[in-house]
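What follows is a single structure, written as structure tokens, with notes after it.
Computed from heavy atoms alone, side chains included, the values below leave out hydrogens, waters and symmetry copies. In what follows, chains are A, B, ... by sequence order, proteins preceding strands, each numbered from 1.
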Number of protein chains: 2
Amino acid sequence: MAVTMNDVARAAGVSLKTVSNVLNDYEFIRPATKKRVQDAIAELGYEANLTARSLRSGKTRMLGLVLSDLSAPYYAELASRLMKAASRRGYRVLVEQSDAVGEVELNALQGPFRQLTDGLLFTPLVIAADTIADRLGKKPLVLLGEHILDPRFDLVTMKNGEAAAALTAHLLAGGRRRIAVIGAHPDESAGSAGLRLNGYRKALDEAGVPFDAALVAPCEWRRDNGAAAVAGLLDKGVEFDAVFGLNDVLALGAMHELLIRGVRVPQDVAVAGFDDIDEARFASPSLTTVSPGMEEIAERSIGLLIDRIEGREAEDQAAHIEAEFQLKVRESAP
Amino acid sequence: MAVTMNDVARAAGVSLKTVSNVLNDYEFIRPATKKRVQDAIAELGYEANLTARSLRSGKTRMLGLVLSDLSAPYYAELASRLMKAASRRGYRVLVEQSDAVGEVELNALQGPFRQLTDGLLFTPLVIAADTIADRLGKKPLVLLGEHILDPRFDLVTMKNGEAAAALTAHLLAGGRRRIAVIGAHPDESAGSAGLRLNGYRKALDEAGVPFDAALVAPCEWRRDNGAAAVAGLLDKGVEFDAVFGLNDVLALGAMHELLIRGVRVPQDVAVAGFDDIDEARFASPSLTTVSPGMEEIAERSIGLLIDRIEGREAEDQAAHIEAEFQLKVRESAP
DNA sequence: GCCAAATTCTGCAACGATGTATGGCAGGAA
DNA sequence: TTCCTGCCATACATCGTTGCAGAATTTGGC
């Protein structure tokens with residue numbers, strides 16, 4: 001049905017292999033032959049069969065991206081950028097949503113998903129470094145965003161702790177003393193939540209402000225949870241003059257709840273988030289947050305992964321890349 | 001390197017083809033044989049090579065999704081749902097971002113992207129129905145969201161016109177008479193923008209409110225454009241008591257600009273959007289909008305596409321499915 | 001116990017590309 | 001003339017799977 005290399009070969013009066021050689025830029029081909037083949041290709045509208053090529057070469061030119069949920073704005077923006085960066089280098093990205101379910105994460109590491117891709121960008125939310133190492137095959141893997149600083153794995157991330165500390169310091173400098181933290185993950189210290197919480201505590205320490213566990217609300221990073229967490233604090237009568245949402249959607253959910261209840265932002269309570277999603281700039285009031293250098297993260301993680309795949313990177317050492325962050329001071333916490 | 005069907009066959013003491021038969025649920029296999037094969041598979045940790053299977057069968061069990069930009073919240077949420085719906089049926093989704101560039105849309109229809117997928121979910125923003133028909137191969141295609149109501153194509157969409165009319169009627173019922181519209185696409189009538197604008201005009205007509213072209217601001221559907229459009233209207237001195245953003249991010253951008261300039265929402269100007277993205281519920285004030293029945297859209301478009309792929313649907317007639325919408329009245333336009 | 005039919009299993013040839021090995025044919029050196 | 005080298009093109013095997021056709025075995029009816 002479709003035009004194959006064989007048809008092209010027949011049309012150009014050469015062997016099948018010569019067509020293959022033309023396509024793969026083989027050195028020794030008479031210009032005249034090359035032209036005949038290329039003309040035949042154009043005439044017949046030949047397109048290489050990627051599946052056959054993959055079977056033969058063992059490469060798919062697809063990268064896997066494993067994240068919890070594409071509908072989360074941060075991941076959506078990141079995925080969009082990653083796909084564009086990959087596309088520029090001749091790769092596609094296949095996305096797998098784990099919903100933070102360990103089994104799905106595992107399957108992404110070894111199952112059919114792995115087979116379909118030449119390398120993986122992985123955001124491990126549930127499974128641990130040793131599990132990854134166990135199940136990891138020979139294909140390259142770059143960890144994304146979280147902070148499993150393990151000599152076995154490449155990692156591209158941002159300065160979670162430093163950024164959180166800088167943001168907290170900013171709130172403290174604004175005179176806030178009781179800063180609620182929303183979105184902690186108590187059983188985890190290496191993930192973004194843990195690192196950001198550490199940054200927060202460090203900034204408090206440095207300012208000599210005591211840490212109060214009552215101000216920390218654990219929850220998953222969703223808008224409605226942010227709102228519920230603030231509601232919980234208010235209902236319990238916990239006093240606070242600022243809210244630090246460990247990511248933007250949490251902060252925005254929290255801000256919504258505050259405003260509904262007549263709490264003024266930032267006059268009564270300042271609000272700050274983390275991620276600088278597009279929405280943060282246009283919220284009302286606009287949201288003070290940390291910009292994680294997403295463009296740099298996308299570009300460098302794709303670059304690193306493809307370098308590994310194509311063997312351009314020394315294999316003996318894992319790369320640990322930390323993108324630069326920027327504090328974005330806006331209305332919600334001036 | 002990897003375990004192949006041949007290895008399994010040897011281990012189970014059967015022919016390679018019998019292993020294949022077991023994997024493909026061939027009817028006539030002795031239970032004992034089946035078990036021997038399955039045990040061998042489990043023991044060796046055999047996993048089918050999807051590339052080889054694709055080459056042989058001509059199917060990839062991947063669906064293509066073509067949209068303009070995954071970082072737009074509506075598309076991100078839609079893509080997430082589509083991927084989950086596809087996953088339940090044993091398919092994966094490969095996303096292509098067109099950035100509303102015609103050439104990319106074309107390539108998605110016929111290039112390598114098409115080859116990698118068994119069927120396409122396509123949101124045509126630039127190219128026209130005839131172009132699609134020209135370049136369309138034999139693989140199934142379902143149009144998504146836009147309104148190319150053409151007997152040649154399957155279409156899953158929502159009642160854009162009706163919903164826009166209902167929303168406009170709601171604003172009119174609230175006493176608004178000068179409703180600005182943001183995000184029109186003047187050169188296009190079959191797309192979402194055109195249909196929604198028509199619905200708006202229809203509702204005005206029915207209420208006997210004159211249409212004023214000065215109230216219509218054309219722009220692409222981005223948050224910053226929404227803000228800029230409102231700024232333009234205000235600066236030009238155009239009077240209005242409501243803003244209808246043709247989608248939510250436009251409305252949210254508009255609302256942001258209004259609030260910055262001290263215009264009260266909804267007291268001075270009501271604001272309404274379209275899409276009911278997650279963010280709408282948590283904006284401040286929360287955004288009145290139209291919920292497009294996204295779950296239904298996702299479920300039915302995936303179902304339809306897979307039915308076509310697997311030949312379960314009569315081929316002689318295109319399906320035109322319109323999901324039900326819901327008006328979500330919130331604070332921004334009570 | 002025999003034959004036809006039903007069941008169970010197998011071998012071969014693809015799917016469409018690429019790597020390896022090798023075959024011709026020039027032209028220059030011996 | 002003979003041999004070698006460099007250039008260009010080809011044949012064959014192969015990647016791992018499934019469709020087709022048919023071989024081998026069992027079953028059932030009488």
Tell me whether the OP1 or OP2 atom of [N] has a side-chain N or O from [X] closer than 4.0 Å.
X	N	answer
B:N24	D:dT18	yes
A:S57	C:dT18	no
A:S20	C:dA17	no

Just compare [options] and give me whichever is closest to any side-chain atom of [X].
X	options	answer
A:K17	C:dG11, C:dT18, D:dG16	C:dT18
B:T4	C:dC9, C:dT10, D:dG16	D:dG16
A:R53	D:dT10, C:dG16, C:dA17	C:dA17
B:T33	C:dG16, D:dT17, C:dC9	C:dC9

**Message:** Ignoring hydrogens and geometry beyond distance, is the side chain of A:R56 in donor-acceptor contact with the base of D:dT14 at under 3.5 Å?
**Reply:**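 Such a pair exists between side chain and base.
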**Request:** Indicate whether the side chain of A:N49 and that of A:T4 have a donor and an acceptor atom separated by less than 3.5 Å.
**Result:**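 Judged by distance alone, the side chains do not pair up.
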Let me know the distance between [atom1] of [X] and [atom2] of [N], rounded to the nearest Å.
X	N	atom1	atom2	result
B:R30	C:dA6	CZ	P	18 Å
B:K59	C:dC15	NZ	C1'	14 Å
A:L116	D:dT17	CG	P	14 Å

Have a look at [X] and say if it touches a base, only the backbone sugar-phosphate, or nothing, with a 4.0 Å heavy-atom cut-off.
X	value
B:L16	base
B:I29	sugar-phosphate
A:S54	nothing

**Asked** Near B:K34 NZ, under 6.0 Å, is it more than 12 heavy atoms from other residues, nucleotides or ligands?
**Response**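 Open.
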**Asked** Could you give the angle between the helix axes at the two ends of the helix from C:dG1-D:dC30 to C:dA30-D:dT1, with five pairs per end, rounded to 10 degrees?
**Response**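 End axes: 60° apart.
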**Request:** Quick one: closest heavy-atom pair of A:L116 and A:M62, and the distance?
**Result:**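 For A:L116 and A:M62, the tightest heavy-atom pair comes out as O-CE, 3.5 Å.
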**Item:** A:A129: side chain to side chain contact (heavy atoms under 4.5 Å, CB included) partners, not counting sequence neighbours
**Value:**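 A:A129 satisfies side chain to side chain contact (heavy atoms under 4.5 Å, CB included) with A:I148, A:D150, A:R152, A:F153 once adjacent residues are dropped.
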**Nearest-nucleotide comparison on DNA chain D, the residue closer to the 5′ end among B:A48 and B:Y26** =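 The residue mapped nearer the 5' terminus is B:A48.
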